2 protein chains.
Amino acid sequence: MKVDGRVERGEQTRRQILRRAAEIASVEGLEGLSIGRLATELEVSKSGVFAHFGSKEELQLSTVRAAAAIFVRQVVEPALAVPPGPGRLELLLDGWLAYSEGRTFPGGCFFYAVQAEFDARPGRVRDQVAELGARWHELVRDTAAAVPGVPDPDQLAFELVAFLELANARSVLHDDPRAYDRARAAVRSRLDHAARG
Amino acid sequence: MKVDGRVERGEQTRRQILRRAAEIASVEGLEGLSIGRLATELEVSKSGVFAHFGSKEELQLSTVRAAAAIFVRQVVEPALAVPPGPGRLELLLDGWLAYSEGRTFPGGCFFYAVQAEFDARPGRVRDQVAELGARWHELVRDTAAAVPGVPDPDQLAFELVAFLELANARSVLHDDPRAYDRARAAVRSRLDHAARG
DNA sequence: AACTTGTACGAACGATCGTACAGTTAGTTT
DNA sequence: AAACTAACTGTACGATCGTTCGTACAAGTT
């Protein structure tokens, strides 16, 4: 089946909308995202943007899905490409820090912004964000569990993720890249400590 | 000078507005805060609320100030009341966890929500939030520096605050109080490790 | 060639946003 | 008692919000 012309153009437009939407949301939040603004910036009509999703909530959900796909491709997949063990864990953590520091999204980690925005309100967006967060934590925990000599992978994963998230928060809020150095030092010393204990 | 009647009523109203504003903002953010909604919930007129602040930005700044005062009273002052050293550091960290876990603000830590919301946009609100965040970090660092045997108080403070913030984030997003146990365990082991090293 | 499908558009809707302003009420000052 | 002031109200404004609708047209289907 050929997929040029109308259908291809539609999917391309949709991708462009979601790309821009994820960028905006990482800075202004998923509620700060407005259909009219999105339309203006992309130089398409408001109803054109709206028609792709049917509701703002569906736009938000699609934006989260699109951001998750970018995150998986940049952070998760490279780590899963190497064998389990200390190497994979380090690659995962380094990949995350590079993803945040490199500003894949202009506001830093997309999920940090969106989690903090929706953590306390009910709804489908919050549910999806919570589920993605849980999956991320499980991935870090399972990756840590495959490292020999780790007594409590859940606890280790908690502490490692804490370092990553604070690095992101600090670097964005204070425009200070040294937060990543702090996080890298914390990760290193915590992993050394785990290996020895 | 007597301050009953008109003046007292005004200040009381202002306090009530800011109390409610801080509660709402901890859940929906400072942008989710709307003057009309605030007026409806407090059963006063929209222009009555507006007149107290003159602009939405001023309302947001006042809300941040009010939340900071609550935070200082609940977390900072009790710690400063005991002598510097390990006891003060533990009281500070335990106080923070109790402040977050006890839901002084319904959406968890007010500043976690507001920092994540404004970290990537310019403006006076962001500047104020960033300054308060820096002051908090300095307080933790200085408190840690007064503990004997701590080689790098800045690094230690970074890691401790990371545990606190992730506990808040996890517990709110997943409605899971065990995140605080994880944070307490992390704090304890990190402080033990610092004392030994 | 006739018909269906899907993208995108422009115009309009009711609601809500922040803000402005004049007026009322009640405490304070003289 | 008169003058003043601060808290608060009601109404209205322009802008923007999400959403609905009818339409135009290109592409795919039969």
Side-chain angles (χ1 to χ4, degrees), chain A residues 1-21 24-25 27-64 66 117-118 121-126, chain B residues 1-21 24-25 27-64 66 117-118 121-126:
Chain A
M1 196 225 277
K2 227 164 107 191
V3 278
D4 66 77
R6 182 181 65 195
V7 172
E8 198 224 16
R9 249 178 67 86
E11 286 186 9
Q12 190 180 332
T13 303
R14 193 188 151 94
R15 272 199 304 274
Q16 285 176 350
I17 293 172
L18 291 175
R19 231 299 155 196
R20 197 90 192 83
I24 294 176
V27 175
E28 324 242 5
L30 281 169
E31 290 290 342
L33 228 187
S34 93
I35 295 173
R37 180 186 166 182
L38 210 42
T40 304
E41 293 197 12
L42 294 169
E43 289 177 325
V44 293
S45 71
K46 200 171 139 185
S47 33
V49 173
F50 182 85
H52 273 278
F53 305 98
S55 74
K56 174 153 189 194
E57 189 181 43
E58 206 59 51
L59 166 65
Q60 291 174 327
L61 290 168
S62 298
T63 303
V64 173
E117 185 181 8
F118 279 86
R121 14 182 163 177
R124 293 167 62 201
V125 178
R126 174 223 156 103
Chain B
M1 195 226 273
K2 228 164 105 190
V3 277
D4 63 76
R6 182 179 68 196
V7 172
E8 196 223 19
R9 248 178 67 86
E11 286 187 8
Q12 190 180 331
T13 302
R14 195 188 150 93
R15 272 198 305 273
Q16 284 175 351
I17 292 173
L18 291 175
R19 231 297 156 195
R20 195 90 191 84
I24 294 176
V27 174
E28 324 243 5
L30 279 169
E31 290 291 343
L33 227 187
S34 94
I35 296 173
R37 179 186 167 183
L38 210 43
T40 305
E41 294 197 11
L42 294 169
E43 288 177 325
V44 292
S45 72
K46 199 173 141 184
S47 29
V49 174
F50 181 83
H52 273 278
F53 306 99
S55 74
K56 174 155 189 192
E57 189 181 45
E58 207 56 53
L59 166 63
Q60 292 174 327
L61 291 168
S62 298
T63 302
V64 173
E117 185 181 6
F118 280 86
R121 14 182 165 177
R124 294 167 62 203
V125 177
R126 175 223 156 103

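Letters go in sequence order (proteins before strands), and every chain restarts at 1. For clarity, every value in this text was computed on a predicted model and none was experimentally measured.
- A heavy-atom distance below 4.5 Å is not found between the side chains of B/Leu42 and B/Thr13.
- Contact annotation: the side chain of A/Arg19 never approaches that of A/Arg15 to less than 4.5 Å [non-hydrogen atoms, C-beta and beyond].
- Rounded to an integer number of Å, the gap from B/Arg9 CZ to D/dT5 C1' is 16 Å.
- Between A/Gln60 and A/Phe53, every side-chain heavy-atom pair lies at or beyond the 4.5 Å cut-off.
- Distance CD (B/Glu11) to C1' (C/dG27): 14 Å, rounded to an integer number of Å.
- One interatomic measurement links the two molecules: CD of A/Glu28 to P of D/dC17, which rounds to 11 Å at whole-angstrom precision.
- Sorted by first and then second residue, the side-chain hydrogen bond (donor to acceptor under 3.5 Å, both in side chains) pairs with a member in residues 36-49 of chain A read A/Arg20-A/Glu41, A/Glu28-A/Arg37, A/Arg37-A/Glu41; sequence neighbours excluded.
- If you check every strand for non-hydrogen atoms under 4.0 Å, A/Val44 touches sugar and phosphate atoms only.
- Under the 4.5 Å side-chain criterion, counting only non-hydrogen atoms from C-beta, A/Ser62 is in contact with A/Arg14.
- Within a heavy-atom distance below 4.0 Å of DNA chain C, no residue of residues 31-38 of chain A is found.
- Rounding to whole angstrom units, CD of residue B/Gln60 and P of C/dC17 are separated by 14 Å.
- Between A/Ser47 and D/dT20 there is no side-chain N or O to OP1 or OP2 distance below 4.0 Å.
- Side-chain contact check for B/Ile17 versus B/Val44: every heavy-atom pair is 4.5 Å or farther apart.
- For B/Lys46 and C/dG18, a side-chain-to-base donor-acceptor distance below 3.5 Å is present, hydrogens and geometry of angles not being considered.
- Remark: A/His52 in residues 50-59 of chain A come within less than 4.0 Å of DNA chain C through at least one heavy atom.
- Every salt bridge (charged side-chain N to carboxylate O under 4.0 Å, His left out) that A/Arg124 has, sequence neighbours left out, goes to A/Glu57, A/Glu58.
- Heavy atoms only, all atoms of each residue included: B/Leu30 and B/Leu33 are closest at O-CB, 3.4 Å.
- Taking atom CZ of A/Arg14 as the reference point, atom P of C/dA8 lies 11 Å away to the nearest angstrom.
- Across the protein-nucleic acid pair, B/Gln12 atom CD and C/dG27 atom P stand 14 Å apart, rounded to whole Å.
- Nearest heavy atom pair, residue B/Arg126 against residue B/Phe118, reads CG-O, 3.2 Å.
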